[in-house]
Amino acid sequence: MKYLFLLLFPASVFAQIVNLREVAVRPGQVLEIVRKMLAAIPRNYDTGSFTMTASYQENIRLAGDTLNFNESELAIKGDQWKVVKYGRKQSFSSRDFAFYSWISNINNAPGGALHEDIIKYAATKYSILNPVYFRYYNYYLDTLLKDQLVIAVVPRNHNKKGFVRGRLFIDTASLALVRCELVASPAGIRHVNRHGRGGIRYSMMAAYLRASIKFEQIRVEMDYQKQDGKYYLHNVRRHWESVINSNKRGLKDAPWRADFLLSVNSVSAEKNLTPRDSLSRDKIFLNPPTPDSFRDSTVSWQPQNFTRADTLRGMLSPLRSCYDVTFYHLDAEVDLDKHFISGNSLIRYKVLSPFDKMQVDLYANMLIQKILFKGQSLNFTREANAVFIQFPGQQPAGEEQEITIYYEGTPQVPDKSISMKGGVLWDKDDLGNPWAQVVCQGSGASLWWPCKDHLSDEPDSMRIWITVPEGFSEVSNGRLQRQVPLPGHKTRYEWAVSYPINNYNVTFSIGKYTHYTDHGVNYYVMPYHLEQAKVYFSEILAMLACYEEHFGPYPFPKDGFTLVESLYPMEHQSGVCVGRIPADPHPEFAFVVWHEAAHEWWGNNISCKDIADMWIHEAFATYAESVYAGCRAGDTMMRDFLNEQRQQVKNKRPVTGFYNVNDIFYDIDDMYTKGSLMLFTLQNVINDKGLWKRLLPAIQQHFRYQTLSAEELEQFICDFTGKDYHYFFRQYLHYTNIPRLEYELAEKGADLRVRYRWVADVPGFRMPVRVKGRDFIYPTLEWKMLTLHNQAAADFEIDDENFYIEAEELE
C-alpha cells in the first residue's frame, strides 16, 4: 500500500486574508503555504538520530469476534523497533489455522505505523506533500483555529492518482505540520486492492486458501508534539475496514476491522543498543514501501584496494591460458570432528600453447604434500593462493596430460558479514548430529581443493569421491555411482558429473539424510523434515515444466535433478541446495527453491567467464522467480512479483564489477534485483511476446555448456532481435543511476502538450517507453515535443510499472 491515510472533512474556501509570520493567505494561494511548510521541515523537525519509547495496541476483528488483540511497549530507533514488554494479549482458536492466522496477523504493524510519518516520507511516491503530485489535488483553506490553519486536500476531477483526501493542521507561528488526517479515496482503495494488500505473498496465500480480503476504507491520523524546540511524531492511529470472502468457508462480505494505535511516550538522544536488543526489520502486511530512491548524482563508490593476490586469482594470465582443463577427479576425505579435509585432485588438461610452468590454485592455509606428473614429483612455489608448478621439460601444444595434487588442511569458514566470503559450514542438525556443507561462490573452489580456479575454464566432466564417517550421507553433483565401505568405519560416496561444471558448483553436503525420489527427482532431507519436505517440494515438477517452457530443456538429463536440504541455499549443479526446510512449509512461498533451481539454466548451463559478469547468473535466476510466479497465477502476478523487487535495489555501485581481479567483496544485491528489473524492462522494450519467448531458449542453446562474457551475451541479443541494445545494457549495468525520464505538461484547450527527454549517463541513450493507455514514445537525450488530443494532464502517466525507470514531471 502506498501512502493511504485518513479522514476527510468538507472543504470550504474562505475569502478572508489570514496573516501568518511568513505568508499572507488569499484564495488560490493555499498551496504556497504547503510549500512553505515543506521548506521549514529542517527547522521544525528533528531529522537526526534519536530513540523513542512507545505504547502500541492492535485490535483485529471478524464479524464482531476478536481475532487478535495485543498491547506492548516498544523501543524505537529510526524505522527499527523491538518489543520490550508485552501487555494483554488475546488471539483466535480455530482448527482452520492457516486461514485465521492469515486474516489476524499483521506482521510488523508497529513498523507500518512509523512509515505513516508523512513528514519523514514527504517525498514518497504519491504523497500529498510531494510536489511532483500536487497536480493531482486541490488544496483549500478549510477553517481557522486559534493557532492553526487547516488545509483540506481533495483529489482533482476524480483522477486516477488522487489516492487520498484529508486535512493538514499547520501551526501559524512556526509553519509546522502538527496534525494530519487522511482517508483513502475511491482511487486509493482501488489501488490498494490491486497493488497493496501485502504484495506477492498476499496474492499467493489468497489463492492457496481460496479466500480474499477486499479493502473498503483506510484511515490514518497522526500528530506531532514539540519538545526542546523540535517536533516529533507523537501518535499514529490507523483504522482499516475490509470484507472477507471465502466460498470454501461460507463467508460472504464478512466485515473485517482493524485498529492500530502507536503512542510515543518519550524521545531521547541516541544510545547504543546491545546485539541482543537488535530491532525488528520484518515487512508489514499492509505497509507503504520505503521511500522511492530519487536520483542522487552524488552517489559514488570506490573500488577496493586490489593487490597482486587479487590479480593472481582473477586474471587469466599466460600461466593459466596455456592449458585447458578437460577433467577433474577429486578424491577427498572430510573429518567432521576436526573440520579437516585431505585427499588429492587429478587435473587432466590439454596443452593450448607450449609451456614448462603452469598456475593452479589452492588457498595458502591448505598444505600441498606433493604434485605428481607421470609418476614424478614436481617442484612448485606458492604466492598468496596461487601455486606455480615447474615441469622438467616443455609440453608441446595439442598434447593431453594430467597431474595429481595431494593436499590437506582446515579450510576457511564463511564470514557472513563479508559478501561472498565462502568456506565450509560446520554445524549440527536439530538432533545434534554433525552437518556440513561447502559454499564457495566468489571465494572460489580453491579454498578446499586444488584446481584451476578461474570461471572461464570448466572441465568437460568430473568425478567426485568424498569419504565420510560411517552412518552419514554425502551429496555432491551428478549421479551417485556407488557407496564404498572403507576401513575405519568410513564410507566413500562416488559421484560422476557428465557435463561441464564451474568450480564453485562442486560441492558436498554431509549429514544424517534420508533420501526419497518422486517422478525421477531425488530429494535428500533431514528425517524429521520428511513430511514437510513433501509439501514444500510438491510443485517441483510444475516448476521444472515452466522453466523448460520458457528457457528450453533441462540441461543435465544424464545427471538428473536433485534437491538437498542444506545449511545454506546454493545452486550446486544437479545437486541444488535449498537451505533448511520450513517447519510450516508453503510451496507457493518456496522462492529460494525457484531461484536456486533456475540456476541450472542460468549459471550452470551457461556461466560467466569473469565474476564481474555474475549478473548473468543472478539477474536471470531472479527474473526466473517471476516467470514461475506467472506460470502459477498469470501475467499480473508476474509483474507484481517483479515490481516488489524495486524496494530492494540500492543503486550504490554498478552491477558490473571490475574484471581480472575476482571483484567480489561488495554489496552484490543489485545484480539480483536490479538485474531482474533490467531484464523485465528489456522484455517490454522489445514489446514482442513471441520474440522474447524465443530469445531465452535461443540464448541457452547457443551458449550451451559454455562460459561467456556479458559482451558476448549482449551482442547475441542484439543480433537475435535485430536491434542495438548496447546503450541499454551499459546504462543499467555500468552506472548506478537508472534512466530518468523528465517531462513537462501543458494543457492547451482539449489537448495536452508533452515535452520530454531522457537523463542518462550513456551517450546516445534512446530507450523507448510506453505511456499508459497509449503507445510508445521514443525519448532521446534531447528534448522532444508531443501533442495528445483530448487528454488532461492529470490523466497522463508514464508506464513505470513495466519499465524500471524514474519518471519526473518538471514544474
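On a predicted model such as this, the values are computed, not experimentally measured, just so you know.
Residues passing the side-chain hydrogen bond (donor to acceptor under 3.5 Å, both in side chains) test with S676, sequence neighbours excluded: Q645. A search for salt bridge (Lys or Arg N to Asp or Glu O under 4.0 Å) contacts involving K772 returns E797, E801, not counting sequence neighbours. Residues forming a side-chain contact (heavy atoms from CB on, under 4.5 Å) with I244 (at least two apart in sequence, or on another chain): L62, F99, I103, I213, L251, A254, W256. The salt bridge (Lys or Arg N to Asp or Glu O under 4.0 Å) test applied to D147 returns no partner, not counting sequence neighbours. In this structure Y672 satisfies the ring-ring contact (aromatic ring centres under 6.0 Å, His included) test together with H595, sequence neighbours excluded. With sequence neighbours left out, E58 forms a salt bridge (Lys or Arg N to Asp or Glu O under 4.0 Å) with no residue at all. Listed by chain and number, the residues in a side-chain hydrogen bond (donor to acceptor under 3.5 Å, both in side chains) with E241 are H239 (sequence neighbours excluded). Applying the ring-ring contact (aromatic ring centres under 6.0 Å, His included) test to F537 and every residue at least two apart in sequence or in another chain returns Y523. Taking Y536 as the reference, nothing meets the ring-ring contact (aromatic ring centres under 6.0 Å, His included) condition, with sequence neighbours excluded. By the ring-ring contact (aromatic ring centres under 6.0 Å, His included) test, F69 pairs with no residue at all, sequence neighbours left out. In this structure, E73 has no salt bridge (Lys or Arg N to Asp or Glu O under 4.0 Å) partners at least two apart in sequence or on a different chain. Checked against side-chain contact (heavy atoms from CB on, under 4.5 Å), Q225 has the following partners two or more places apart in sequence or in another chain: H234.
The side-chain heavy atoms of V83 and L74, taken from C-beta on, include a pair separated by under 4.5 Å. Residues Y137 and F163 meet the side-chain proximity criterion, which asks for heavy atoms closer than 4.5 Å. Looking at Y224 and I118, their side chains come closer than 4.5 Å, going by heavy atoms from C-beta outward.
Between W240 and F215, the ring planes are perpendicular. Angles over 60° get that label, and only those under 30° would be called parallel. By the 30° and 60° cut-offs, the orientation of the rings of H115 relative to Y121 is parallel.
Ion pair R238/D259 not flagged as a salt bridge, since none of the NZ, NE, NH1 or NH2 atoms sits closer than 4.0 Å to an Asp/Glu carboxylate oxygen. E216 has no carboxylate O lying under 4.0 Å from a charged side-chain N of K214, or vice versa, which leaves the two without a salt bridge. Between D799 and R770, at least one side-chain nitrogen of the basic residue sits less than 4.0 Å from a carboxylate oxygen of the acidic one, meeting the salt-bridge criterion. Of the charged side-chain nitrogens involved, none lies within less than 4.0 Å of a carboxylate oxygen, so that D670 and K650 do not count as a salt-bridged pair. Salt bridge status for R632 with E539: present, with a side-chain N to carboxylate O gap under 4.0 Å.
Judged by distance alone, the side chains of Y232 and D46 do bring a donor and an acceptor atom under 3.5 Å apart. Under 3.5 Å, the side chains of R646 and N643 contain a donor-acceptor pair of N or O atoms. A donor-acceptor contact closer than 3.5 angstrom is absent between the side chains of T124 and N130.
Here the options are T66, L67, D65, the test is side-chain contact (heavy atoms from CB on, under 4.5 Å), and the partner is I60; only L67 passes.
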- Task: Carefully, step by step, assess R219 and E221 under the rule salt bridge (Lys or Arg N to Asp or Glu O under 4.0 Å).
- Result: CA-CA 7 Å; R219 300 200 310 263; E221 303 172 4; 5.5 Å; no
- Query: After noting the C-alpha distance and the side-chain angles of T53 and S266, does the key distance pass the side-chain hydrogen bond (donor to acceptor under 3.5 Å, both in side chains) rule?
  - Reply: CA-CA 5 Å; T53 64; S266 66; 2.6 Å; yes
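What you find for R61 and A258 is that their closest heavy atoms are NH2-N, 4.5 Å.
Judged purely by atom type and a 3.5 angstrom limit, T51 has no side-chain atom pairing as donor or acceptor with the backbone of K77. Under a 3.5 Å cut-off, the side chain of K230 and the backbone N or O of R43 do form a donor-acceptor pair.
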